[in-house]
Number of protein chains: 2
Amino acid sequence: MSNTVDQVDVLIIGAGPAGLTAANCFNGSNRLRVRVIDKKSGTVETGKADGLKSISLEVLDTFGIGDTIRNESHRVEEVVLWEPDGQGGVERSMTIADRVPELGKPREMTLDQGRIEHHLVANLERHGNVEISWQTQPVDLQINHRQAENPLAYPITVMMKDSGQETSQTQLIQARYVIACDGARSWTRKHLKIPLRGDLTDSTWGVMDAVPKTNFPDIRKVCVVHSAQGTIMAVPRERKLVRFYIAMDGTGLDVPTALSQKTLTVDHVVNAARSIFHPYTFEVGEVAWWSAYQVGQRVADNFSRNDRVFLAGDAVHTHSPKAGQGMNTSIQDAYNIGWKLRFHLEQKCSKSLLASYEQERRPIAQQLINFDREYLELFANPNLQFDEFLNAYQKAMRFTTGIGIRYAPSLIVQSPPMEEKTDNTAKAFAPGMRLPDFQMVNQADGVPTTLYHRMTMNGQFRLLVFAGDIAIQPVYHRLLEFGHWLTDFLRVNPGIETIIVHSSKRAEIELMDLPDVFHPWNDADGWDYWRVYADDESYHDGHGQAYQRCGIDRDDGCVVLMRPDGYASLICRMEQTSQISTFFEGLSLGIPEKVSFSARL
Amino acid sequence: MSNTVDQVDVLIIGAGPAGLTAANCFNGSNRLRVRVIDKKSGTVETGKADGLKSISLEVLDTFGIGDTIRNESHRVEEVVLWEPDGQGGVERSMTIADRVPELGKPREMTLDQGRIEHHLVANLERHGNVEISWQTQPVDLQINHRQAENPLAYPITVMMKDSGQETSQTQLIQARYVIACDGARSWTRKHLKIPLRGDLTDSTWGVMDAVPKTNFPDIRKVCVVHSAQGTIMAVPRERKLVRFYIAMDGTGLDVPTALSQKTLTVDHVVNAARSIFHPYTFEVGEVAWWSAYQVGQRVADNFSRNDRVFLAGDAVHTHSPKAGQGMNTSIQDAYNIGWKLRFHLEQKCSKSLLASYEQERRPIAQQLINFDREYLELFANPNLQFDEFLNAYQKAMRFTTGIGIRYAPSLIVQSPPMEEKTDNTAKAFAPGMRLPDFQMVNQADGVPTTLYHRMTMNGQFRLLVFAGDIAIQPVYHRLLEFGHWLTDFLRVNPGIETIIVHSSKRAEIELMDLPDVFHPWNDADGWDYWRVYADDESYHDGHGQAYQRCGIDRDDGCVVLMRPDGYASLICRMEQTSQISTFFEGLSLGIPEKVSFSARL
């Protein structure tokens, strides 16, 4: 029986990496009431996902916890391929650097999912405006369709119960919006009868986190070992752990043919690994976690219902864990819907913004399934040609960075080609693509930072002004003109932060000589010293080469309107301010309540 | 009345940066009972020390918390000097990079002392073998001199009481050793009647942590402003804070002449700052902390009593805070006595090791006082010549790194010149000096790390084998010979970890081809993959140039016996193993209990 009703702006179902990412998008939003529920009694202890790609770490940087997580993680530096040696054993065939040069930093780190969740939860607690209720599961969810278009309504009613007790006691919660991140067996997806398309593959896989005791020489590198007996992939982890993935239907493995996911034991997994590593020895010390699974490659037909209930992560796409894309894609899904809901609720913008979630993320899930199908075939094929594997693996490394993602034109992505667009803008990315995480040097104090360390998730668009070489008078005057326009523009659109990255020598520029609008005054704190950066040599960390990495002319510059999630909405010349005005008119912003900015220092 | 007695191996009095550093030297030492008491109710909230030099961060790296503290800190990148402009105002005269190239990294970071203490305490809690009792102060301390030479005795008896209550209830604690880090007004020093030599200077200083509201252009840089009105030094900090130091007796300041430390108010400090910054505006927002002080430049006659009670940090030396050396020197003192006591208690070595604490650290304190006297004169002198200031400041930056420290020959520092010493050893440092914190690449996984990230404080000596280019057969064979000797040596001296840094291309070396003694087997975890490193290019972080930084020949190499605190005890050629044996015979190690190694991963 229900006895209490809580009203929230956003209810997040599921506190795994996706749900916690969505929740962290609301950090500092004291005007919105956000709750997270999860049927588990706390964060996971061991196992599950473990690979964090650079794009996910950039998301964590915008939450302020990227470096904390990097400190605990193991960096992946190289990948080694092993092939049958023709004499019943295996031999090393190639070592590949795990490096994608465009990133300018490591592509992947590994850390137990439980630790990642721990830091996401700790960060919510630090901000204190999102409430988590563990051991709480939904048992009913109703959408009042008559209220679905009413901006003031709480049209969703969710009935919840304590998942740890046999009780008929329930609680009601009324929500404006729901984000369901409740995993591959999503209660929400089933309840809403949203179909998953795709198939289970035939392969049964074993996965294990263990401390290996072996004389196999590459056990602390990512290695893919194809032997006549089968295939194994090993990924080193924090502490002394290694993650192993083993196709349990390798023809030469001493495993019962009819072995299914349910009858597999950890001994089967260890024995299969030993067969594949032969003639090297293989035993395990601590086994931190193990599991068996069949790979399903499926995508949900819809990622939302009425643009009121949104599904993200494993709830709407499943695939093999081997490319380490599950948690990473889930984090990106959640980040996408997280900022959109926050922006919509805080800035009262057009509701069609919310439709862009499915428009942007469902194609990514489909690409991922296609990628995964090819990738899995690589591993399942014992007769693979060496070059095929190498090419596919290098392609896969690039794919997993997300560098290639380009969202389609929409309300929040300017359609190219714009007739006003000239050659003098950013050549290395385009509207719908994510900006590279370049280093830049703070004008006021000389401290280098990176773009995503600076771009704290606050649900706001930002104008990133590549002002060019403002030590040159005409270029400086162009910035002054832009500043005049900006001063007027911000009266109407106060919720937009402006960041300058100039290409002058930092020593030639005085922050206080720039118009106030670029280092705004605050009666409590004085001037803002965290808005103007130089693309210049730093004292201790080299040169970020931001202009070069973005393909922007150092003399001429450009303006990038950056979405809260780091994707470019539009790119224009500094004179093309009307494009920016037009963009925000299209978003139909309401009259927002006062929003305070605070740079994360 | 006493009613309980606790027996501990080490009692640490005072839980500031020094006491907590000493305590962290015992992390993982489950055989020793260590307690910390402090009369405060917890770590400090605001103010006090705030500058962390690279050498202190390296100490924190060996505790595993350096990066966590770096993440929160503000990096100091440049220093700006301002002089009177001859028209009643000030003008910028020079900008200096805050960089000491030999360090290869930033020289200084700033962070509130309370946060540093927080992380030191959290780390003790994580390890769980040191107990902290807050709100507990000593009221009596007696040394039983008849027992002072008995290795099994607990000759020190300390009576303690609850500092928060008016009570006569006391507790007794018996300790083998005491480390007193109870600050400039040290109860222990006074109780033991150890004199401080030196003087109070005449100057009264104001110090303040505040958020400045000013149009002074260099407020987010370290700046030293000499105006006709007086002198101010400003040091930027985390968040929006700036630390200000102001000589309150500037001739032109609107401050009563007879103003003493006791009658000074925060308004006096703000007004003095405003006068000096004139014609720039100066107001303050949040004032997080402020204080007034007279500088005392004093050193205690003794740093220990009977080599049973040791004093460290402000308890034995005081000076001006302006060079940011107080907390840093205190951390180094505590680190020095911390490892020595742990080593002595765990390895049953000659007690004369403990006498080296005062022998090594008291001269450092005296150097610091001399340095501080010159440094303070710089700031107090309104008629300073510009070049004088610049030279002195640059010299001071080098001094504060600790690069120049060289401990005198002793039981634990080999006396040069050794007749066997040849030119083929380390040219850039010598016995008694600390090794530079170079980057090296793990042979097994390709992950770069730095020396002090790897050298977890565990109270043990380490053999750092610069093995040279072991891809060359004769060089490799020399390593094999060394390995044979080492295998025998470790049977007698098991508590010594060996780390190899070779100069070959990493890809040309197979870890498993090296003798087992260099990657020892453990039945629980298999082989040790964290003992062999390459001085080679890393995939993402460049080349550490370890051999070059140490002045070691890449073909020939050498062996460095490294003390637990990173200072070199001896440096020899790989054939000169008898020097190593002789060194440990001199330490008169007892038969230690079994010690387990574990690499921090």
Side-chain angles (χ1 to χ4, degrees), chain A residues 64 67-68 70-71 74-78 95 97-99 103-107 211-221 236 238-241 283-286 441-448 507 510-513 521-530 538-542 598-599 601, chain B residues 64 67-68 70-71 74-78 95 97-99 103-107 211-221 236 238-241 283-286 441-448 507 510-513 521-530 538-542 598-599 601:
Chain A
D67 289 330
T68 304
R70 282 184 189 90
N71 288 350
H74 179 80
R75 267 166 64 162
V76 175
E77 298 282 348
E78 58 191 11
T95 300
D98 194 328
R99 182 172 51 189
L103 289 176
K105 57 182 173 180
R107 184 187 68 96
V211 175
K213 302 193 287 182
T214 174
N215 59 359
F216 181 75
D218 291 332
I219 200 68
R220 291 297 308 170
K221 303 166 189 168
E238 77 279 6
R239 300 192 290 120
K240 299 180 178 179
L241 292 171
E283 301 296 333
V284 292
E286 175 194 352
V441 181
N442 183 295
Q443 179 65 39
D445 59 23
V447 177
E510 289 288 339
L511 178 64
M512 290 295 148
D513 289 349
W521 176 267
N522 174 311
D523 284 341
D525 297 332
W527 298 109
D528 189 331
Y529 301 99
W530 295 273
S538 65
Y539 287 112
H540 297 99
D541 292 317
S598 62
L601 308 185
Chain B
D67 289 330
T68 304
R70 282 184 188 91
N71 289 349
H74 179 78
R75 266 166 63 163
V76 175
E77 297 282 347
E78 58 191 9
T95 300
D98 194 329
R99 182 173 48 189
L103 287 177
K105 58 181 173 183
R107 185 186 68 95
V211 176
K213 303 193 286 182
T214 174
N215 58 0
F216 181 74
D218 292 331
I219 200 68
R220 290 297 306 170
K221 303 166 190 168
E238 77 279 8
R239 300 191 292 119
K240 300 179 178 181
L241 292 171
E283 301 295 334
V284 292
E286 175 194 353
V441 182
N442 183 297
Q443 178 65 40
D445 59 23
V447 176
E510 290 288 338
L511 178 64
M512 289 297 149
D513 289 350
W521 176 266
N522 174 313
D523 285 340
D525 297 332
W527 298 109
D528 188 330
Y529 301 100
W530 295 274
S538 65
Y539 287 112
H540 297 98
D541 292 317
S598 62
L601 308 187

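Lettering follows sequence order; numbering is per chain, from 1.
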At a 4.5 Å cut-off on heavy atoms, which part of [X] comes close to chain A: side chain, backbone, both, or neither?
X: Leu103(B); answer: neither
X: Tyr539(B); answer: both
X: Val447(B); answer: both
X: Asn442(B); answer: neither
X: Ala97(B); answer: both
X: Asp218(B); answer: neither
X: Pro236(B); answer: neither

Give the member of [options] that has the highest number of heavy-atom pairs under 4.5 Å with chain A.
options: Gly104(B), Gly446(B), Gly285(B), Pro212(B); result: Gly446(B)
options: Glu78(B), His74(B), Met512(B); result: Glu78(B)
options: Leu511(B), Thr95(B), Thr214(B); result: Thr214(B)
options: Ser538(B), Pro106(B), Pro448(B); result: Pro106(B)

| task | State, yes or no, whether a side-chain contact exists between Trp530(A) and Arg220(B) at a heavy-atom distance under 4.5 Å. | result | yes
| message | So Tyr529(B) and Ile219(A), do their side chains get closer than 4.5 Å, heavy atoms only? | response |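 Touching, per the 4.5 Å side-chain cut-off.
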| query | What closest approach, in Å, do Glu510(A) and Pro217(B) show between heavy atoms, and which atom pair accounts for it? | reply | OE1-CB, 3.8 Å
| query | So among Arg107(A), Lys105(A), Arg99(A), which one has a side chain to side chain contact (heavy atoms under 4.5 Å, CB included) with His540(B)? | reply | Arg99(A)
| remark: salt bridge (Lys or Arg N to Asp or Glu O under 4.0 Å) filter on Lys213(A), not counting sequence neighbours, yields none
| query | Quick one: salt bridge (Lys or Arg N to Asp or Glu O under 4.0 Å) partners of Asp525(A), sequence neighbours excluded? | reply | Lys240(B)
| task | Could you look at Asp513(A) and say if it's the side chain, the backbone, both or neither that has a heavy atom under 4.5 Å from chain B? | result | neither
| query | What's the spacing between Asp67(A) CG and Asp67(B) CG if we round to 0.5 Å? | reply |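 Here the rounded value is 8.5 Å.
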